[in-house]
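Here, residue 1 is the first one in the sequence, and each next residue gets the next number.
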Amino acid sequence: MTERIEGKYDAIILQERTFNEADVMVTALTADIGHQTFIARGLKKEKSRLRGLISPFSECRLQLVAGKGLPVLTGADLINAHDAIRTNYRYSSAALYICDLVHQMTAENEVSPGRYQLLKEGLALLPTVRSWQWILYMEWALLKDAGFAADLDRCSVCGERLPGYREAPVAGADGEFIHKDCQEDGAGASLSVAAFAYLQYLDRADLGHLGHIFLTEPARQQVYDYLGHRYQYILDFPLASRQSVRHLFASPSLDK
């Protein structure tokens with residue numbers, strides 16, 4: 001892998017963390033070579049020409065070379081700093097969380113052009129919608145991309161069609177949907193008709209149309225809790241960063 005990694009790659013920075021006194025370990029998602037972790041030498045120094053370019057959810061063109069262990073960053077050109085996100089607390093909180101989610105869902109060296117494009121297009125549209133809407137859309141879209149989205153049309157137990165808008169089904173322990181009659185020992189959680197309908201809308205709608213749909217605070221909390229449960233089941237651990245965006249699902253007056 002280290003031999004073919006040398007070159008220039010368009011990337012979205014997912015996270016950065018201190019490697020030593022002067023260097024930073026950076027994780028990015030690229031369209032061509034997938035999920036990559038590399039060392040940015042001297043990035044913490046005030047005179048570093050790369051300082052300010054390499055930060056979470058920035059889009060950059062990276063110049064990478066092979067290192068003794070991890071690849072090493074030798075240069076970068078900024079494509080999009082996403083200033084409209086970076087200067088808004090709610091937007092930046094949402095973007096940081098989704099970047100962390102992408103990092104947790106993607107193995108090192110895993111190439112996923114669809115996931116890269118989803119994140120790229122999602123970041124571009126984030127300032128045009130409500131932050132909580134964007135999070136729910138991106139979470140569902142990432143589940144679909146990874147093949148883990150629950151079937152919203154048929155019961156996972158009996159295979160018959162779900163009631164849809166007439167009566168909300170039950171989310172089982174694994175996050176799959178079932179008829180209430182197929183529920184065993186009261187396991188699982190019920191969603192309101194509005195919450196389940198919103199999931200169906202997320203499954204079919206374009207991100208640019210989300211702003212036209214209103215969802216009450218209780219219903220959006222239900223969707224948020226359901227998706228959190230589904231991700232915990234899939235990842236086998238809760239994401240601490242997800243708790244940092246819970247406040248975005250309250251206070252309608254602060255929707256942006």
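Annotation for L162 and D151: closest pair CD1-O, 3.9 Å, computed over non-hydrogen atoms. The shortest heavy-atom contact between L202 and Y137 is CD2-CA, 3.9 Å. Minimum interatomic distance between F38 and A28 (heavy atoms only, all atoms of both residues): CE2-CB, 3.9 Å. Taking both residues in full, the closest heavy atoms of L248 and S93 are given as CD1-CB, 4.4 Å, listed atom of the first, atom of the second, then distance. Residue H229 comes nearest to D174 through the heavy atom pair NE2-N, 4.3 Å, listed as atom of the first residue, atom of the second, then distance. Closest approach of L119 and M138 over heavy atoms only: CA-CE, 4.1 Å.
Applying the side chain to side chain contact (heavy atoms under 4.5 Å, CB included) rule to T37 yields the partners R17, M25, T27, H35, L70, E108; only residues at least two apart in sequence or on another chain are considered. Among residues two or more places apart in sequence or in another chain, the salt bridge (Lys or Arg N to Asp or Glu O under 4.0 Å) test is passed with R230 by E176. A search for salt bridge (Lys or Arg N to Asp or Glu O under 4.0 Å) contacts involving R246 returns D225, not counting sequence neighbours. Residues satisfying the side chain to side chain donor-acceptor pair (under 3.5 Å) criterion with D181, sequence neighbours excluded, are absent altogether. Residues forming a side chain to side chain contact (heavy atoms under 4.5 Å, CB included) with A205 (at least two apart in sequence, or on another chain): Y201. Residues passing the side chain to side chain contact (heavy atoms under 4.5 Å, CB included) test with E121, sequence neighbours excluded: Q117. Checked against ring pair (Phe, Tyr, Trp, His ring centres under 6.0 Å), Y89 has the following partners two or more places apart in sequence or in another chain: H247. For D145, the salt bridge (Lys or Arg N to Asp or Glu O under 4.0 Å) criterion is met by R115, not counting sequence neighbours. S192 is linked by a side chain to side chain donor-acceptor pair (under 3.5 Å) to Q222, counting only residues two or more places apart in sequence or in another chain. By the salt bridge (Lys or Arg N to Asp or Glu O under 4.0 Å) test, R61 pairs with D10, sequence neighbours left out. Shown here are the side chain to side chain contact (heavy atoms under 4.5 Å, CB included) partners of A124, two or more places apart in sequence or in another chain: there are none. For S55, the side chain to side chain donor-acceptor pair (under 3.5 Å) partners two or more places apart in sequence, or in a different chain, are S58, R86.
Judged by distance alone, with hydrogens and angles left aside, the side-chain atoms of W140 form no donor-acceptor pair with the main-chain N or O of L199 at under 3.5 Å. Checking side-chain atoms of K180 against main-chain N and O of P169 turns up no donor-acceptor pair under 3.5 Å.
Within the model, atoms CD of Q232 and CG of L227 stand 13.0 Å from one another, a figure rounded to the nearest 0.5 Å. Distance check, rounded to the nearest 0.5 Å: CD1 of I98 to OG of S241 gives 8.5 Å. One distance of note links SG of C99 with CG of L29; it measures 9.0 Å at 0.5 Å rounding. Separation of atoms CZ (F249) and CZ (R220) is listed at 8.5 Å; rounding is to 0.5 Å. Between the CD1 atom of I234 and the CZ atom of F148 there is a distance of 5.5 Å, given to the nearest 0.5 Å. The CD1 atom of I33 sits 5.5 Å away from the CG atom of L64 when rounded to the nearest 0.5 Å.
Looking at L53 and D77, their side chains never come closer than 4.5 Å, going by heavy atoms from C-beta outward. Put simply, the side chain of F57 reaches to within 4.5 Å of the side chain of S92, judged on heavy atoms. Looking only at side-chain heavy atoms (C-beta outward), D32 and Y116 stay at 4.5 Å or farther from each other. Between V24 and I54, the closest side-chain pair of non-hydrogen atoms is not below 4.5 Å. Between I135 and R242 there is no side-chain heavy-atom pair separated by less than 4.5 Å. No side-chain heavy atom of S156 sits less than 4.5 Å from a side-chain heavy atom of F177. Proximity of M105 to Y231: side-chain heavy atoms (C-beta onward) are separated by under 4.5 Å at one or more points. Residues V26 and I13 meet the side-chain proximity criterion, which asks for heavy atoms closer than 4.5 Å.
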inquiry  = What verdict does the side chain to side chain donor-acceptor pair (under 3.5 Å) test give for H179 and E160, after you've listed the backbone C-alpha separation in whole Å, the side-chain angles of each residue and the deciding distance to 0.1 Å?
reply    = CA-CA 9 Å; H179 290 118; E160 296 295 323; over 6 Å; no

query = Given Q133 and Y198, is the side-chain contact (heavy atoms from CB on, under 4.5 Å) satisfied, shown in steps?
reply = CA-CA 10 Å; Q133 289 176 320; Y198 195 76; 3.7 Å; yes

task = Carefully, step by step, assess Y226 and E139 under the rule side chain to side chain donor-acceptor pair (under 3.5 Å).
result = CA-CA 11 Å; Y226 163 75; E139 285 188 327; over 6 Å; no

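V102 and F237 fall within the same hydrophobic cluster, defined by Ile, Leu, Val, Met, Phe, Trp and Tyr side-chain heavy atoms under 4.5 Å apart, directly or through other members. In the hydrophobic cluster analysis, where Ile, Leu, Val, Met, Phe, Trp and Tyr join through side-chain heavy atoms closer than 4.5 angstrom, I79 is grouped apart from L14.
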